[in-house]
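First the proteins, then the strands, lettered A, B, ... as listed; each starts at 1.
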There are 2 protein chains.
Amino acid sequence: MTDPDLSRRIRDAGGRVTTARLAVLRCLADADEPLTPDEVLEHLGRNSDHVPDRVTIYRAIDWLAVHGLVRRLATVGRAARYEPVEDKEAHAHFQCRRCAQTRCLPAPTPPLPPLPPGYAAERVELVIHGLCAACRTGDTP
Amino acid sequence: MTDPDLSRRIRDAGGRVTTARLAVLRCLADADEPLTPDEVLEHLGRNSDHVPDRVTIYRAIDWLAVHGLVRRLATVGRAARYEPVEDKEAHAHFQCRRCAQTRCLPAPTPPLPPLPPGYAAERVELVIHGLCAACRTGDTP
DNA sequence: GTCTTTTTGCCATTTTATTGCATTTTTAAC
DNA sequence: GTTAAAAATGCAATAAAATGGCAAAAAGAC
Ligand SMILES: [Mn+2]
Ligand SMILES: [Mn+2]
Ligand SMILES: [Zn+2]
Ligand SMILES: [Zn+2]
């Protein structure tokens with residue numbers, strides 16, 4: 001997805017197109033797996049000249065999440081992980097219990113189970129817990 | 001589940017049956033929804049005379065989790081949530097995005113999606129995000 | 001009860017995230 | 001392109017959740 005496209009999405013959501021927001025959204029869109037705010041910061045440090053403050057990263061991610069451009073995943077780790085909200089949607093995630101790697105899986109959304117009265121569902125998330133290939137073979141001791 | 005039963009499970013796992021472990025396991029077993037360590041502490045404060053230190057709660061929960069007596073859920077909130085590992089297994093959870101309430105749902109485990117080569121799945125978790133009844137009607141403003 | 005090992009309490013520290021406020025950037029109007 | 005209003009940022013302080021070190025206490029074996 002091109003920068004003008006991302007700018008447009010930010011503007012359409014009613015916000016100002018700032019370098020920080022654009023860089024964060026770009027970063028998450030380019031990554032092939034969900035990232036923590038610190039990982040975003042690290043990526044930006046490697047790929048840009050001006051690195052926004054850590055707090056700015058948090059605020060940019062928050063804004064993007066509140067306005068539906070990125071999504072926070074449910075995790076077992078301490079840090080939050082975010083991924084862009086794309087066209088193709090509804091896939092599962094694998095989380096390694098040892099290295100905390102989180103990767104997207106091409107799995108269809110399971111059907112929505114019945115909820116208690118008055119409850120409203122907005123999203124269904126499927127998480128597979130286990131060991132990634134590297135952690136299982138002990139390549140990363 | 002009775003106290004001797006719980007003690008037995010702790011001893012069978014190879015650990016000492018301490019008041020803290022027993023109280024924490026009892027607390028999680030009695031609760032009708034997954035609890036955070038702080039919530040466990042709070043419950044114990046209301047239902048017991050001696051309240052273990054916060055760090056002890058953390059360590060007791062950790063031990064129980066490592067030995068398979070309780071399970072940590074994937075959450076969107078900052079605090080971890082734990083539930084006892086019971087006989088009847090594999091149910092989904094609802095998480096309210098406003099009040100962070102987390103409750104168990106009677107939903108069957110979805111089938112395990114195909115994983116990348118070398119990956120090993122250990123558990124499948126289904127999370128429903130949305131608004132609980134109270135938050136939807138604004139009973140808890 | 002005595003002995004050995006495990007667990008606990010307390011304090012300090014770490015990790016992750018949030019808040020307050022002065023300064024800067026963005027955007028729109030001119 | 002200047003200017004003015006609104007929104008976003010940087011920086012320091014603070015908060016929330018969890019972890020680590022170590023001496024004291026409790027569990028279990030005898
Ligand atoms: Mn994904
Ligand atoms: Mn449950
Ligand atoms: Zn791994
Ligand atoms: Zn709620």
Side-chain angles (χ1 to χ4, degrees), chain A residues 3-4 6-25 34-42 44-45 48-67 69-70 72-82 97 99-100 102, chain B residues 3-4 6-25 34-42 44-45 48-67 69-70 72-82 97 99-100 102:
Chain A
D3 262 30
L6 298 180
S7 300
R8 187 156 205 297
R9 304 233 291 158
I10 293 173
R11 195 170 1 250
D12 285 355
R16 295 188 175 179
V17 181
T18 69
T19 26
R21 277 180 195 162
L22 200 50
V24 168
L25 188 51
L35 302 179
T36 67
D38 263 26
E39 286 168 347
V40 170
L41 186 57
E42 187 197 337
L44 294 185
S48 315
D49 44 342
H50 169 76
V51 185
D53 187 75
R54 181 184 304 271
V55 176
T56 302
I57 304 275
Y58 277 112
R59 290 197 271 230
I61 292 181
D62 268 6
W63 190 91
L64 293 168
V66 165
H67 291 84
L69 303 192
V70 306
R72 178 177 176 168
L73 304 184
T75 54
V76 289
R78 291 182 58 180
R81 286 190 179 274
Y82 299 85
R97 74 166 146 82
C99 70
T102 299
Chain B
D3 262 31
L6 299 179
S7 301
R8 187 155 206 298
R9 304 232 291 158
I10 293 173
R11 195 169 2 251
D12 286 355
R16 294 186 176 178
V17 181
T18 68
T19 25
R21 278 180 193 162
L22 199 50
V24 167
L25 188 50
L35 302 179
T36 67
D38 262 27
E39 285 168 349
V40 170
L41 185 57
E42 187 198 338
L44 294 185
S48 315
D49 44 343
H50 169 75
V51 185
D53 186 77
R54 180 185 304 270
V55 177
T56 301
I57 305 275
Y58 277 112
R59 290 197 271 230
I61 292 181
D62 268 6
W63 190 92
L64 294 169
V66 165
H67 292 83
L69 303 192
V70 306
R72 178 177 175 167
L73 305 184
T75 54
V76 289
R78 291 185 57 180
R81 285 189 180 275
Y82 298 85
R97 74 166 146 82
C99 70
T102 300

Practice problem: Answer whether the closest heavy-atom distance between the side chains of B:Thr19 and B:Pro52 falls below 4.5 Å. | Solution: no
Quiz item: Can you list the steps and then say if B:Arg78 with A:Arg78 is a side-chain contact (heavy atoms from CB on, under 4.5 Å)?
Solution: CA-CA 7 Å; B:Arg78 291 185 57 180; A:Arg78 291 182 58 180; over 6 Å; no
Quiz item: CG of A:Leu64 versus C1' of D:dA8: gap in Å, rounded?
Solution: 13 Å
Exercise. Give the rounded distance in Å between these two atoms: CG of A:Leu22 and P of D:dT9.
Key: 11 Å
Self-check item: Nucleic acid footprint by protein, nucleotides 1-7 of chain D - heavy-atom cut-off 4.0 Å, B for base, S for sugar-phosphate alone
Solution: -----BS
Quiz prompt | Contact check, side chains of A:His67 and A:Arg9, non-hydrogen atoms, under 4.5 Å | solution = no
Self-check item: Between P of D:dA8 and NE2 of A:His67, the distance in whole Å
Solution: 8 Å
Practice problem: Using heavy atoms to find the nearest nucleotide of DNA chain C for A:Arg54 and B:Thr56 separately, return the residue whose nucleotide is more 5′. | Solution: B:Thr56
Self-check item: First and last nucleotide of DNA chain C, 5' to 3', lying under 4.0 Å from heavy atoms of chain B
Solution: C:dT5 to C:dA17
Exercise. Find out whether A:Arg59 and A:Val55 are in side-chain contact, i.e. whether some heavy atom of one side chain is under 4.5 Å from a heavy atom of the other.
Key: yes
Exercise. Please report, rounded to the nearest Å, how far the P atom of D:dC11 is from the CG atom of A:Leu41.
Key: 12 Å
Practice problem: For B:Thr18 and for B:Arg81, locate the closest nucleotide of DNA chain D by heavy-atom distance; then report the residue assigned to the nucleotide nearer the 5' terminus. | Solution: B:Arg81
Quiz item: Which part of the nucleic acid, if any, lies within contact of B:Thr36, taking any heavy atom under 4.0 Å across all strands shown: a base, the sugar-phosphate backbone alone, or nothing?
Solution: nothing
Quiz item: Nearest nucleotide by nearest heavy atom, which residue falls closer to the 5' end of DNA chain D, B:Ala80 or A:Val55?
Solution: A:Val55
Quiz prompt | A:Trp63 side chain reached by A:Ile10 side chain, heavy atoms, under 4.5 Å | solution = yes
Practice problem: Report the distance from atom CD1 of A:Ile57 to atom C1' of D:dG10, rounded to the nearest whole Å. | Solution: 12 Å
Quiz item: CG of B:Asp53 versus C1' of D:dG20: gap in Å, rounded?
Solution: 13 Å
Self-check item: For atom CH2 of B:Trp63 and atom P of D:dT19, their distance in whole Å
Solution: 17 Å
Quiz item: Do B:Thr75 and A:Thr75 touch side chain to side chain, with heavy atoms closer than 4.5 Å?
Solution: no
Quiz item: Between the base of D:dG10 and the side chain of A:Arg59, is there any donor-acceptor pair under 3.5 Å?
Solution: yes
Quiz item: Below 4.5 Å, heavy atoms only, C-beta onward: do B:Arg72 and B:Ile61 meet side chain to side chain?
Solution: no
Quiz prompt | Worked verdict on B:Thr18 versus B:Thr56 for side-chain contact (heavy atoms from CB on, under 4.5 Å) | solution = CA-CA 11 Å; B:Thr18 68; B:Thr56 301; over 6 Å; no
Quiz item: Over how many whole Å does the gap from A:Tyr58 atom OH to D:dC11 atom C1' extend?
Solution: 15 Å
Exercise. For residues A:Arg21 and A:Leu69, determine if any side-chain heavy atom of one lies less than 4.5 Å from a side-chain heavy atom of the other.
Key: no
Exercise. Would you classify A:Ala60 as touching base, sugar-phosphate or nothing, given that sugar-phosphate means primed atoms plus P, OP1 and OP2, and contacts are heavy atoms under 4.0 Å?
Key: nothing
